[in-house]
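A quick write-up on the structure given underneath.
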Amino acid sequence: MVSSLESSVGTERKVITELPGPKSRAMQERRKNVVSAGVTNGFTIYIDRAEGAILVDIDGNHILDLGSGIAVTGVGHAVPELIEAVSNQVAAFTHTCFMVTPYESYIEVCEELAALTPGSHAKTSALFNSGAEAVENAVKVARHATGRQAVIVFDHAYHGRTNLTMALTAKNMPYKDGFGPFAGEVYRVPMSYPFIDGLSGAEAAARAIAEIEVQVGAKNVAALLIEPIQGEGGFIVPADGFLPALSKWTTDNGVVFIADEIQSGFGRTGEWFAVDHEGVIPDIVTTAKGLAGGMPLAGVTGRAEIMNSVHEGGLGGTYGGNPVAAVAALAVIRVMRERNLVQRARDLEKILLENLNSLARDVNIIGDVRGRGAMVAIELVEPGTKTPNAAAAKGIVKYCNEHGVIALACGTYGNVIRLLPPLVITDEQLADGLNVLAEAVRSVS
Ligand SMILES: *Cc1c(COP(=O)(O)O)cnc(C)c1O
């Protein structure tokens with residue numbers, strides 16, 4: 001291991017070996033003996049330390065992070081406030097199990113979630129460890145509260161990898177293949193995907209609602225579950241009016257509207273939550289990823305009468321709302337407020353969209369540039385068509401990685417490059433990353 005004392009991380013990308021470097025390559029060989037092949041790595045550099053938007057690998061390369069560990073480290077790496085809060089909590093106590101003997105930070109996180117999530121109605125929360133666990137529990141609550149069973153989900157949706165959330169997720173490979181049977185009473189309807197379907201939000205919502213009413217029946221539906229901006233499915237931003245129309249339909253039909261804000265939430269899109277862009281007020285919001293800056297924590301926050309309809313003891317888990325993760329979330333929220341990071345996400349959107357739209361005019365393989373805040377993507381196509389071009393996306397990621405930039409692919413067809421920089425990334429760092437990305441796009445054009 002490289003000593004963490006060796007040198008400060010600094011703010012610049014610096015590649016000093018071929019990537020992955022020799023020590024990372026040796027580590028990758030070592031892992032093959034003991035780590036399941038089912039768990040893969042996008043970019044096999046092994047990380048020693050990190051700060052802000054820079055990761056340092058065990059070969060001493062300084063890598064620019066445009067992925068934030070999949071939208072988790074929005075406040076950046078090695079945030080002093082987070083280090084202090086977590087260190088103090090580790091020294092005080094690391095675990096009691098909230099269901100056995102409680103502690104204040106759990107309540108404080110729930111107070112913050114009630115204040116930050118949309119709507120001024122009374123809300124209560126339950127805390128968990130992962131996004132998938134939050135989604136499972138949101139569905140449990142909605143079924144319990146309504147006495148109904150059906151759950152409506154969308155094309156391209158991603159909600160996790162547990163049994164119920166695999167059923168809720170759209171894409172077979174790699175998430176579901178051979179892992180069935182899957183949970184029942186899950187019904188999939190078309191998403192609004194303006195680049196592909198050309199429909200207005202109202203038209204796309206009418207199409208989805210018609211399918212629900214014909215194939216399921218409104219009175220059987222417990223919950224409609226949707227990512228307000230789809231993450232793994234391809235950073236699909238639904239047409240304006242789609243989410244409000246679905247929200248109205250759920251209210252009219254006694255259906256619980258669950259916004260899965262696990263990737264799009266916590267300031268990522270330039271509002272605390274992506275539904276805020278259209279004034280939609282969900283009945284339940286699920287949070288995780290950006291919530292606790294890298295500590296495992298997830299939340300289910302909803303209307304008090306829905307969340308409290310569950311019998312005593314019906315929700316919980318050994319580690320849910322762990323005290324170390326809870327104080328990390330409180331530190332994240334403080335840092336977000338003090339450093340105005342929700343506004344920063346809006347500034348980043350301007351830079352990202354301007355830059356990527358201009359790149360898209362120069363090349364013929366970018367079909368669409370879309371996103372909000374610091375959640376922006378390009379969709380790669382065969383020249384002059386809307387046919388997915390996964391090979392281009394793969395080549396772009398490879399080029400970026402080889403030049404010391406982390407960029408992530410996503411999308412049902414694997415043809416979308418998504419940018420999820422830490423919200424603390426500097427203008428200089430972002431410009432550097434976008435230059436490498438532009439070179440990468442040109443190299444595969
Ligand atoms: C990542 C993600 C999940 C699953 O979260 P995990 O913490 O990986 O279980 C669920 N929903 C969305 C929208 C996600 O992006």
Side-chain angles (χ1 to χ4, degrees), residues 38-42 67-74 117 126-142 151-171 174-176 179 182-183 186 188 191 223-238 243 257-269 272-275 280 282 284-301 317 319-322 325 328-329 332 371-377 408-412 416 418-420:
V39 183
T40 58
N41 320 101
S68 302
I70 317 187
V72 171
T73 50
T117 51
L127 303 181
F128 302 95
N129 307 293
S130 71
E133 219 188 329
V135 172
E136 290 239 358
N137 278 280
V139 170
K140 278 165 66 173
V141 169
V151 180
I152 305 299
V153 290
F154 289 81
D155 287 337
H156 313 290
Y158 180 83
H159 297 292
R161 293 170 177 267
T162 57
N163 187 262
L164 175 58
T165 58
M166 278 192 293
L168 302 168
T169 289
K171 191 175 174 177
Y175 309 124
K176 301 167 75 165
F179 294 143
F182 302 111
V186 173
R188 193 171 308 285
M191 178 66 182
L224 181 146
L225 167 65
I226 189 163
E227 301 156 84
I229 297 178
Q230 288 183 323
E232 305 304 303
F235 276 31
I236 300 167
V237 185
L243 296 171
F257 185 105
I258 306 173
D260 181 350
E261 293 262 14
I262 287 167
Q263 191 155 162
S264 58
F266 261 81
R268 177 52 55 186
T269 67
W272 277 100
F273 293 94
V275 287
V280 168
I284 292 180
V285 177
T286 56
T287 50
K289 295 199 166 95
L291 167 62
M295 296 301 291
L297 187 71
V300 179
T301 302
Y319 295 113
N322 170 274
V332 164
R372 284 193 158 118
M375 183 174 186
V376 165
L408 306 171
C410 66
T412 299
V416 178
R418 57 175 151 174
L419 300 179
L420 290 164

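Just so you know, ligand 1 is whichever comes first in the structure, and atom 1 is the first atom listed for that ligand. Computed from a predicted structure; not experimentally measured.
A donor atom on one side chain and an acceptor atom on the other are found under 3.5 Å apart for H156 and T412. E232 and Q263 form a side-chain donor-acceptor contact under 3.5 Å, judged by distance and modelled atom types alone.
Around atom OH of Y319, no more than 12 heavy atoms belonging to other residues, nucleotides or ligands sit under 6.0 Å away.
Checking side-chain atoms of K171 against main-chain N and O of D155 turns up no donor-acceptor pair under 3.5 Å.
Figure legend: cation-pi geometry between K289 and F266 absent, as NZ or CZ is not positioned both under 6.0 Å from the six-membered ring centre and within 45° of its axis.
Within 4.0 Å of ligand 1, the residues that place a heavy atom are S130, G131, A132, Y158, H159, E227, D260, I262, Q263, K289, listed by chain and number.
Taking A274 as the reference, P228, I229, E261, S264, T269 meet the side chain to side chain contact (heavy atoms under 4.5 Å, CB included) condition, with sequence neighbours excluded.
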